[in-house]
Amino acid sequence: MPSFDAIVIGGGTNGLACATRLAQAGQRVLVIEGRDKLGGSTAETDPWPGYRSPCLSHLLTHLDPRVETQMKLADHGLSFVDRNIPSTALALDGNHLVLTGAAGDTISGLISDADRTAWQGLRKRLMGFAGALAPFRAMTPPRLAKESGNQYLKLAQLGLGLRRLGRDEFREFLRLALINIADVLEDDLADDRLRGLVAFDTVLGAWMGPRSPNSLFLYLNRLSGEISGKRGATALPRSGMGSVATAMIQSAKTAGVELKSGAMVERIIVENDRATGVALASGEEISATTVISAINPKTTFLDLVGPRHIDTGFANRTRNIRSRGGAAKLHLALKGTPDFRGANLRSRLVIAPSIRSVEDAFNAVKYGEVPTRPVMEIILPSAFEAGHAPDGHHVLSAIVQFAPHEPKDGKESARNAMLENTLSVLEDHAPGIRALIEHSDFLMPYDIEDRYGMAGGNWHHGELAVEQMLFLRPFPAVAQYSTPIAGLWLAGAGNHPGGGVSGAPGWNAAERILSRGRS
Ligand SMILES: Cc1cc2nc3c(=O)[nH]c(=O)nc-3n(C[C@H](O)[C@H](O)[C@H](O)COP(=O)(O)OP(=O)(O)OC[C@H]3O[C@@H](n4cnc5c(N)ncnc54)[C@H](O)[C@@H]3O)c2cc1C
């Protein structure tokens with residue numbers, strides 16, 4: 001008799017969402033997490049005495065509405081400092097631009113009336129497209145092959161949502177969807193700060209620059225996310241991002257999920273082409289009717305299942321999943337308050353002065369080099385609320401792009417150069433900040449891969465790009481969360497609709513497992 005109905009490998013937000021949904025449906029579920037702490041890259045760390053900082057994720061843009069309500073995250077402690085924090089495009093002359101408002105379309109700061117109006121029009125149009133695309137996030141992508149129970153009809157209905165935008169808007173959607181964000185911004189806007197901010201937001205977490213083909217799609221993906229019904233919002237949870245993971249853990253426990261941390265899964269046990277359980281690094285074996293991998297698909301098939309149980313074509317296809325990570329993470333403990341030339345610290349601070357600055361940073365990593373002037377998103381959780389750093393001190397969390405995942409001059413040297421260049425950009429924007437640094441921690445994509453098991457250190461556990469989206473994610477044979485191995489399913493960010501702290505792939509996978517019964 002298997003010990004559990006389902007074992008979920010990986011205790012990140014997707015693993016927790018998947019497990020909770022299954023347990024709510026009456027299944028006996030065990031989540032197994034390799035690290036000591038549950039929550040994956042959304043958990044919190046306390047790297048230095050008196051300081052708390054997010055592991056990787058520091059802002060929320062895509063919390064799935066089903067996960068938020070059906071996991072009752074508010075009842076389990078999730079609340080927000082602000083459900084939509086302002087975004088500040090930092091300028092070296094102190095002439096910053098601040099974007100606020102439900103749709104992010106209200107600008108304060110010196111900007112021409114023409115740009116202000118153009119931005120409102122462009123943002124409104126893109127929000128319309130994003131709203132029409134949002135329902136795709138909650139569906140199992142249809143198979144390319146015809147079969148009963150396929151979701152073609154659902155896809156057609158969702159397509160109709162786009163068509164309902166009207167003939168002219170639909171035509172505009174088709175035109176824009178195929179071009180890059182840089183072209184769109186250059187057509188409509190003249191202000192470099194605004195262009196730089198939107199270009200940065202578009203490629204955050206991606207392996208592409210603003211001039212890469214189809215990059216506009218990623219901006220639509222960003223805008224398609226929502227927080228408590230607010231589309232396109234960027235939220236800061238009270239007490240930091242770790243509280244999202246904590247609320248999910250509580251919800252899972254309430255649903256009856258068993259949680260085991262500090263236990264690395266070394267192997268998925270396959271007998272007669274069927275997954276029957278897992279073997280842990282400790283040697284313990286645990287059986288289950290269903291095994292669900294909420295870690296990346298590459299590690300799942302190549303390491304945990306192993307080449308013995310998959311054919312060569314499938315193994316090659318898995319190896320070819322593109323998962324180059326370009327986002328690095330910086331944490332600083334500061335013994336005073338930095339001054340970003342008068343910018344309000346209770347906002348998301350973005351250093352990306354132009355489209356060119358973002359593209360130049362990407363050009364470097366294409367050749368394994370470190371960019372001279374990296375671009376970045378900065379948050380000081382301690383500026384929003386007490387408890388993140390000792391009184392009078394601050395903790396700074398920054399996502400820095402782009403960092404080479406395979407540096408040509410070696411990992412150690414690339415990490416040092418990347419930190420130095422990042423601090424140099426920071427010092428330009430916040431003179432004196434270097435002198436405030438008590439501690440620093442800089443994670444390159446390869447460090448992120450080592451520490452959190454994300455393939456290539458990639459934000460999405462596999463690049464999010466048109467050719468790895470929807471029924472092509474992670475690749476066609478496994479795009480519906482099921483796999484060729486009976487009883488083995490996928491539920492992590494490497495699957496549709498991709499990464500970000502949303503719980504959506506995990507929830508979708510659970511729905512699919514429940515709708516199919518145990519395979
Ligand atoms: C630098 C960086 C910054 C980011 N910032 C943000 C942000 O601000 N906002 C946002 O929305 N998203 C952000 N992301 C993306 C986000 O962190 C991920 O997309 C999301 O956390 C994926 O969730 P997950 O549950 O699928 O996987 P993960 O959170 O990666 O969780 C997977 C879990 O599986 C565990 N695991 C791996 N292998 C095994 C094994 N063999 N046995 C047992 N356990 C195992 C890991 O330890 C981990 O806990 C960021 C990503 C990066 C790289």
Side-chain angles (χ1 to χ4, degrees), residues 7-19 30-43 54-64 67 204-207 222 225 227 234-237 240-241 244-245 248 260-268 278-282 293-300 303-304 323 325-331 348 376-379 397-403 405 442-462 464 490-495 497-507 509:
I7 288 175
V8 177
I9 306 169
T13 44
N14 281 313
L16 292 167
C18 182
L30 172 68
V31 171
I32 305 179
E33 165 57 43
R35 290 166 56 84
D36 288 340
K37 217 171 194 174
L38 288 147
S41 45
T42 310
C55 281
L56 294 181
S57 309
H58 61 192
L59 286 168
L60 202 54
T61 52
H62 278 88
L63 187 57
D64 187 287
V67 171
L204 184 60
W207 182 265
R222 180 181 173 97
I227 308 295
T234 302
L236 182 65
M241 270 301 266
V244 181
M248 283 195 174
K260 189 177 176 75
S261 55
M264 205 67 184
V265 173
E266 204 168 62
R267 189 164 55 89
I268 293 171
V278 298
L280 306 184
S282 62
S293 171
I295 68 167
N296 74 80
K298 266 190 172 166
T299 309
T300 302
D303 298 338
L304 300 194
S323 44
K329 191 74 203 287
L330 170 71
H331 297 127
R348 181 176 80 104
M376 64 195 83
E377 170 186 88
I378 303 159
I379 275 285
S397 163
I399 300 169
V400 185
Q401 291 199 170
F402 287 86
H405 74 300
F442 197 88
L443 297 176
M444 295 289 276
Y446 37 90
D447 299 319
I448 291 171
E449 176 163 22
D450 286 351
R451 204 180 279 192
Y452 299 101
M454 300 166 102
N458 183 275
W459 179 294
H460 300 277
H461 290 196
L464 194 67
L490 302 176
N495 305 282
V501 178
S502 71
W507 200 267

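Both backbone and side-chain heavy atoms feed into the values below; hydrogens, waters and symmetry mates do not. In this text the structure is predicted, and so the values were computed from the model without any measurement. Both ligands and their constituent atoms are indexed starting at 1 by order of listing.
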Name the closest protein heavy atom to [atom], giving the residue it belongs to and the distance to 0.1 Å.
{"atom": "atom 16 (C) of ligand 1", "answer": "S57 OG, 3.6 Å"}
{"atom": "atom 46 (C) of ligand 1", "answer": "E33 OE2, 3.5 Å"}
{"atom": "atom 22 (C) of ligand 1", "answer": "A493 CB, 3.8 Å"}
{"atom": "atom 9 (N) of ligand 1", "answer": "L59 O, 2.7 Å"}
{"atom": "atom 18 (C) of ligand 1", "answer": "W459 O, 3.4 Å"}
{"atom": "atom 42 (N) of ligand 1", "answer": "V265 N, 2.9 Å"}
{"atom": "atom 8 (O) of ligand 1", "answer": "H58 N, 2.9 Å"}
{"atom": "atom 43 (C) of ligand 1", "answer": "G34 N, 3.1 Å"}

[X] N/O to ligand 1 N/O under 3.5 Å:
{"X": "V501", "result": "yes"}
{"X": "N14", "result": "yes"}
{"X": "I9", "result": "no"}
{"X": "T13", "result": "yes"}
{"X": "S41", "result": "yes"}

Of all the atoms in ligand 1, which lie at a distance below 4.0 Å from a heavy atom belonging to [X]?
{"X": "G40", "value": "29 (O), 31 (O), 48 (C), 49 (O)"}
{"X": "I32", "value": "43 (C), 44 (N)"}
{"X": "Y452", "value": "46 (C)"}
{"X": "T42", "value": "21 (O)"}
{"X": "R35", "value": "47 (O)"}
{"X": "G499", "value": "19 (O)"}

side-chain contact (heavy atoms from CB on, under 4.5 Å) between W459 and I399: does it pass, once the steps are laid out?
CA-CA 11 Å; W459 179 294; I399 300 169; 3.8 Å; yes
Starting from the C-alpha separation in whole Å, work towards a yes-or-no answer on side-chain contact (heavy atoms from CB on, under 4.5 Å) for T234 and R222.
CA-CA 10 Å; T234 302; R222 180 181 173 97; 3.6 Å; yes
Contact between ligand 1 and L60 is defined here as a heavy atom of the residue under 4.0 Å from a ligand atom; is it met?
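It does not, in that no heavy atom of L60 comes within the 4.0 Å cut-off of ligand 1.
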Does the residue H460 have a heavy-atom contact with ligand 1, meaning some pair of atoms that are separated by less than 4.0 Å?
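So H460 does not count as touching ligand 1.
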Would you say [X] and [Y] make side-chain contact, with heavy atoms under 4.5 Å?
{"X": "L280", "Y": "I32", "value": "yes"}
{"X": "M248", "Y": "V67", "value": "yes"}
{"X": "T42", "Y": "S57", "value": "yes"}

Can you check side-chain contact (heavy atoms from CB on, under 4.5 Å) on L63 and S502, steps first, answer last?
CA-CA 4 Å; L63 187 57; S502 71; 5.9 Å; no
I need the contact type for [X] against ligand 1. Using non-hydrogen atoms and a strict under-4.0 Å cut-off, is it side chain, backbone, both or neither?
{"X": "I448", "value": "side chain"}
{"X": "N458", "value": "neither"}
{"X": "H461", "value": "side chain"}

Test side-chain contact (heavy atoms from CB on, under 4.5 Å) applied to T300 - qualifying residues, sequence neighbours left out:
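Counting only residues at least two positions away or on another chain, T300 forms a side-chain contact (heavy atoms from CB on, under 4.5 Å) with I268, S293, I295, L490.
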Are more than 12 heavy atoms, taken from residues, nucleotides or ligands other than K37, located less than 6.0 Å from that residue's NZ atom?
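It does: K37 NZ has more than 12 such atoms within range.
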Tell me whether [X] contacts the main-chain N or O of [Y] through its side chain, where contact means a donor paired with an acceptor under 3.5 Å.
{"X": "K329", "Y": "L56", "answer": "yes"}
{"X": "R35", "Y": "R451", "answer": "yes"}
{"X": "E266", "Y": "A281", "answer": "no"}
{"X": "Q401", "Y": "G326", "answer": "no"}

E377 with R348: basic N within carboxylate O range, under 4.0 Å
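So E377 pairs with R348 through a salt bridge.
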Report the member of V244, N495, I295 with the shortest heavy-atom distance to atom 37 (C) of ligand 1.
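Nearest option to atom 37 (C) of ligand 1, by heavy atoms: I295.
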For atom 32 (C) of ligand 1, which of the options G15, G503, A294, S502 provides the nearest non-hydrogen atom?
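Shortest heavy-atom distance from atom 32 (C) of ligand 1: A294.
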State, without any angle test, whether E449 and H405 hold a side-chain donor-acceptor pair at a distance under 3.5 Å.
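No, no side-chain donor-acceptor pair sits under 3.5 Å.
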Start with the C-alpha gap between S323 and K298, add the side-chain angles, then the distance that decides, and say whether side-chain hydrogen bond (donor to acceptor under 3.5 Å, both in side chains) holds.
CA-CA 9 Å; S323 44; K298 266 190 172 166; 3.2 Å; yes
